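Okay, so here's the structure we're looking at.
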Amino acid sequence: MATVQILNTLSRELESLEPREGQGKTLSLYTCGPTVYAYAHIGNFRAYVFEDLLQRHLQERGFTVRRVMNLTDVDDKTIRGAHDAGVALADYTRPFKEAFFQDLKTLRLLTAEAYPAATDPEQIALMIAMIGTLMERGHAYQAEDGSIYFRIASFPGYGKLGRVDLANQRSSQRVASDEYDKEAVADFALWKAWVPEDGAVGWESPWGKGRPGWHIECSAMATGLLGETIDIHCGGVDNIFPHHEAEIAQCECVGAKPFVRYWMHCAHLMVEGSKMAKSAGNFFTLRDLLDKGWTGREIRYALISVHYRGALNFTMDGLAAARAALGRLDAWWERLTETAGSEMEEETPDLTTEGFFAALDDDLNISSALAVLFETLRESNRKMDQTDEGTLTPAQARGLLNWLARVDGVLALEPEATATIPPEVEELATARAAARAAKEWKKSDEIRDQIAALGWIVKDTKDGQKITKS
RNA sequence: GGCGGGGUAGCCAAGUGGUAAGGCCGGGCUCUGCAAAAGCCCCAUGCGACGGUUCGAUUCCGUCCCCCGCCUCCA
């Protein structure tokens, strides 16, 4: 059995993914979710698609994956958004949460075991309890503004994930302005005391009314739902520091040792060669792309086909390339299905197909995996082109289809269910077939135009007409 | 300034101390009444630059150039 190797951000080394003692083949996976103050953008989805690929491949390798993803539904941006819209916080975030779940479906992302939200009462209670423990142990303190801060000086391990030496940091201007109450500039908020701008948003706590800090949210949810030690924790590289660093500090000071065994981070994406930014006009939500006519699976392909640790340059050309590649895959799939016919016995063709999974074992080397897929496509097509003894047998085609089903368990790129052809189009097609049989080409072409006018495309193949939606 | 990722054909992108996967585009051919689709074939003397080690380097070492990210709440 091959082992799955991944690059652990903590060690910066390739490590074999092994479950904990006594956990059988179960791995827990915590993934940082969206802040629901707006529609998630294509950069966010790059991370989610990477995590989905990871989960699916682990499952293919026989692991049971317990995954949790959080929803941040209270922070400065959501509060400001609700205030500007003149609605309650929950009413402001609800549509974005719903949209998020729709988007997950569009991109064919597996559903997590739980999607805890920061404002869930039980999560707030967990966070308060955790902060209480940190206070008792001297890892946190209340500042003059009433907020609770984590005392970084009390945790020597701080900086180990991001390899950050706090003594050697350039002081940035945005730190200096409002953080006047803290013992040290790097100390981060665990509990933010209520201020008038918070309006109706706030929860009672032993330290007064307020709301949780961002970092404590993930710490509480992760350990609360998955246990003190999490196997894998993922996110974007920008979360390494300070977010994940803070999570480690909080959890390990409360008792989890270690908090996370394997950290994995994906690189950012760029759009048309530059950093995605609203001001640059290259900022896309998933919806924006759907409106431009791209499909979820095309976007999924474009996002999944570049190794997660490399910067991904997301472009319209890239989407077009995804569309073309998928079209080729679809045609092949269909051809294999026809060749296999009703044959159910499978025969393993003489092609090195297992390399697909072996490539993914190597830190999710998707490029090599896709290379195996396309090489298999070409070689089997070559066989199907041959009419004599070199041809692909139905049993071999069945074998390839079974392999393809496993491959697609990981890639999730199967064609959309074909739309049913309306009766009037069906009738026209029959008439056209008759005209073609009679070699009445002009009539045949006219009917083709009529069918096109109804939104369908006719293609003549050696096996007769094929009708697809335009 | 510190830390990290990266520079491979028109575009995207693997990879290896021994002579460059794969995808898209492009070209050719096959199929075909036409069209479209599809299939097959072809497409990097070279892997940011310059040195060095080596029988041999894109791959190792050194120097340099460029791009991107993080440095306190952005995937």
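A note on names: the letters A, B, ... follow the listed sequences, proteins ahead of strands, and every chain is numbered from 1. Just so you know, these numbers come straight off a predicted model, no measurement behind them. Values below: all heavy atoms of this structure, side chains included; hydrogens, waters and symmetry mates excluded.
- Shown here, B:rG4 forms a base pair with B:rC68; the pair counts as Watson-Crick or G-U wobble because both key distances fall under 3.5 Å.
- For A:Arg432, taking side-chain heavy atoms from C-beta onward, the closest of the listed nucleotides B:rA13, B:rG33, B:rC41 is B:rG33.
- Rounded to the nearest Å, the gap between the C1' atom of B:rG48 and that of B:rU58 is 11 Å.
- Ring-plane geometry between A:Phe100 and A:Tyr48 is classed as perpendicular, the angle between the planes exceeding 60 degrees on a 0 to 90 degree scale with a lower cut at 30.
- Here, B:rG5 and B:rA14 have their P atoms 15 Å apart, quoted to the whole Å.
- The same atom, C1', is picked in B:rC12 and in B:rC29; the two are 27 Å apart, to the nearest Å.
- One can place CE of A:Met270 at 16 Å from C1' of B:rC74, the figure rounded to the nearest angstrom.
- Between A:Val306 and A:Arg436, the residue anchored closer to the 5' end of RNA chain B is A:Val306, taking for each the nucleotide with the nearest heavy atom.
- Between B:rU63 and B:rA75, the two P atoms lie 37 Å apart (nearest whole Å).
- Nucleotide B:rA38 has B:rU30 as its partner under the Watson-Crick or G-U criteria, with both atom distances under 3.5 Å.
- Contact annotation for A:Gly310: no contact, since no heavy-atom pair falls under 4.0 Å across all strands.
- Going from the P atom of B:rG4 to that of B:rG26 covers 43 Å, rounded to whole Å.
- B:rU30 atom P lies 19 Å from atom CG of A:Asn381, rounded to whole Å.
- You'll find the ring centres of A:Phe101 and A:Tyr115 inside the 6.0 Å limit.
- A salt bridge is defined here as a Lys NZ or Arg NE, NH1 or NH2 lying under 4.0 Å from an Asp or Glu carboxylate O, and A:Glu217 with A:Arg211 fails to meet this definition.
- Proximity of a side-chain donor or acceptor of A:Arg67 to a complementary backbone N or O of A:Glu51 within less than 3.5 Å is not detected.
- Heavy atoms of A:Arg211 sit nowhere under 4.0 angstrom from any nucleic acid atom.
- Rounded to whole Å, the separation between the C1' atoms of B:rU19 and B:rC11 comes to 26 Å.
- Nearest approach of A:Tyr141 to A:Arg151, heavy atoms of both residues: CB-NH2, 3.3 Å.
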Distances for protein N/O vs nucleotides 23-25 of chain B N/O pairs under 3.5 angstrom?
from: B:rG23; atom 1: OP1; to: A:Arg328; atom 2: NH2; distance (Å): 2.6
from: B:rC24; atom 1: OP1; to: A:Arg328; atom 2: NE; distance (Å): 3.1

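- When rounded to the nearest whole Å, the span between NZ of A:Lys439 and C1' of B:rG33 equals 7 Å.
- The separation between A:Ile457 atom CD1 and B:rA36 atom P is 12 Å, rounded to whole Å.
- With hydrogens and angles ignored, no donor-acceptor pair under 3.5 angstrom links the side chain of A:Lys77 to the base of B:rC73.
- The distance from atom CZ of A:Phe241 to atom P of B:rC74 is 14 Å, rounded to the nearest whole Å.
- In this structure, A:Leu312 atom CG and B:rC68 atom P are separated by 16 Å, rounded to whole Å.
- Under a 3.5 Å cut-off, the side chain of A:Ser368 and the backbone N or O of A:Asn365 do not form any donor-acceptor pair.
- At the heavy-atom level, A:Asn313 lies under 4.0 Å from the strands shown only through sugar-phosphate atoms.
- At B:rA14, none of the side-chain N or O atoms of A:Asn365 fall inside 4.0 Å of OP1 or OP2 (strictly under the cut-off).
- Each of B:rG39, B:rU72, B:rA75 was ranked by its minimum atom distance to the side chain of A:Phe188; first place goes to B:rU72.
- At the heavy-atom level, A:His243 lies nowhere under 4.0 Å from the strands shown.
- Residues satisfying the ring-ring contact (aromatic ring centres under 6.0 Å, His included) test with A:Tyr92, not counting sequence neighbours, are A:Phe96.
- Between B:rA36 and B:rC25, the two P atoms lie 15 Å apart (nearest whole Å).
- Residue A:Leu269 is classed as a base contact, given a heavy-atom separation below 4.0 Å to a base.
- The base of B:rG2 does not come close enough to the side chain of A:Arg163 for any donor and acceptor atom to sit less than 3.5 Å apart.
- Within 4.0 Å of A:Val458, counting heavy atoms only, lies at least one base atom of the nucleic acid.
- Closest contact between the side chain of A:Pro242 and the listed nucleotides B:rU72, B:rC74, B:rA36 involves B:rU72.
- For the pair A:Tyr308 OH and B:rG5 P, the computed distance is 12 Å after rounding to whole Å.
- Residue A:His307 is classed as a sugar-phosphate contact, given heavy-atom separations below 4.0 Å to backbone atoms only.
- Within the 4.0 angstrom heavy-atom criterion, no nucleotide atom of any strand lies near A:Gly318.
- Shown here, B:rA9 forms no base pair; nothing in the strands shown gives a Watson-Crick or G-U wobble contact with both key distances under 3.5 Å.
- Checked against the 6.0 Å centroid criterion, the rings of A:Tyr158 and A:Phe150 do not qualify as a close aromatic pair.
- Under the Watson-Crick or G-U wobble criterion, with both distances below 3.5 Å, B:rG56 has no partner in any strand shown.
- Considering every non-hydrogen atom in both A:Val74 and A:Ala118, the closest pair reads CG1-CB, 4.0 Å.
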List the steps, then state whether ring-ring contact (aromatic ring centres under 6.0 Å, His included) holds for A:Phe283 with A:His41. CA-CA 7 Å; A:Phe283 184 96; A:His41 57 70; 5.2 Å; yes

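- Taking atom C1' in both B:rC61 and B:rG1, one finds a spacing of 26 Å when rounded to whole Å.
- One interatomic measurement links the two molecules: CG of A:Asp445 to P of B:rA36, which rounds to 12 Å at whole-angstrom precision.
- Comparing B:rG33, B:rG39, B:rA75 by their closest approach to the side chain of A:Asp385 singles out B:rG39.
- In the set B:rC34, B:rC73, B:rG22, B:rG22 carries the atom at the smallest distance from any side-chain atom of A:Ala371.
- For A:Arg382 and A:Asp385, the salt-bridge test fails: no basic side-chain N is under 4.0 Å from an acidic carboxylate O.
- The 5' end of RNA chain B is approached more closely, in terms of each residue's nearest nucleotide, by A:Ser444 than by the other of A:His244 and A:Ser444.
- Using a 4.0 Å heavy-atom distance criterion, A:Lys442 is classed as making no nucleic acid contact.
- A:Lys275 comes within contact range of the sugar-phosphate backbone alone, with a heavy-atom separation under 4.0 Å but no base atom that close.
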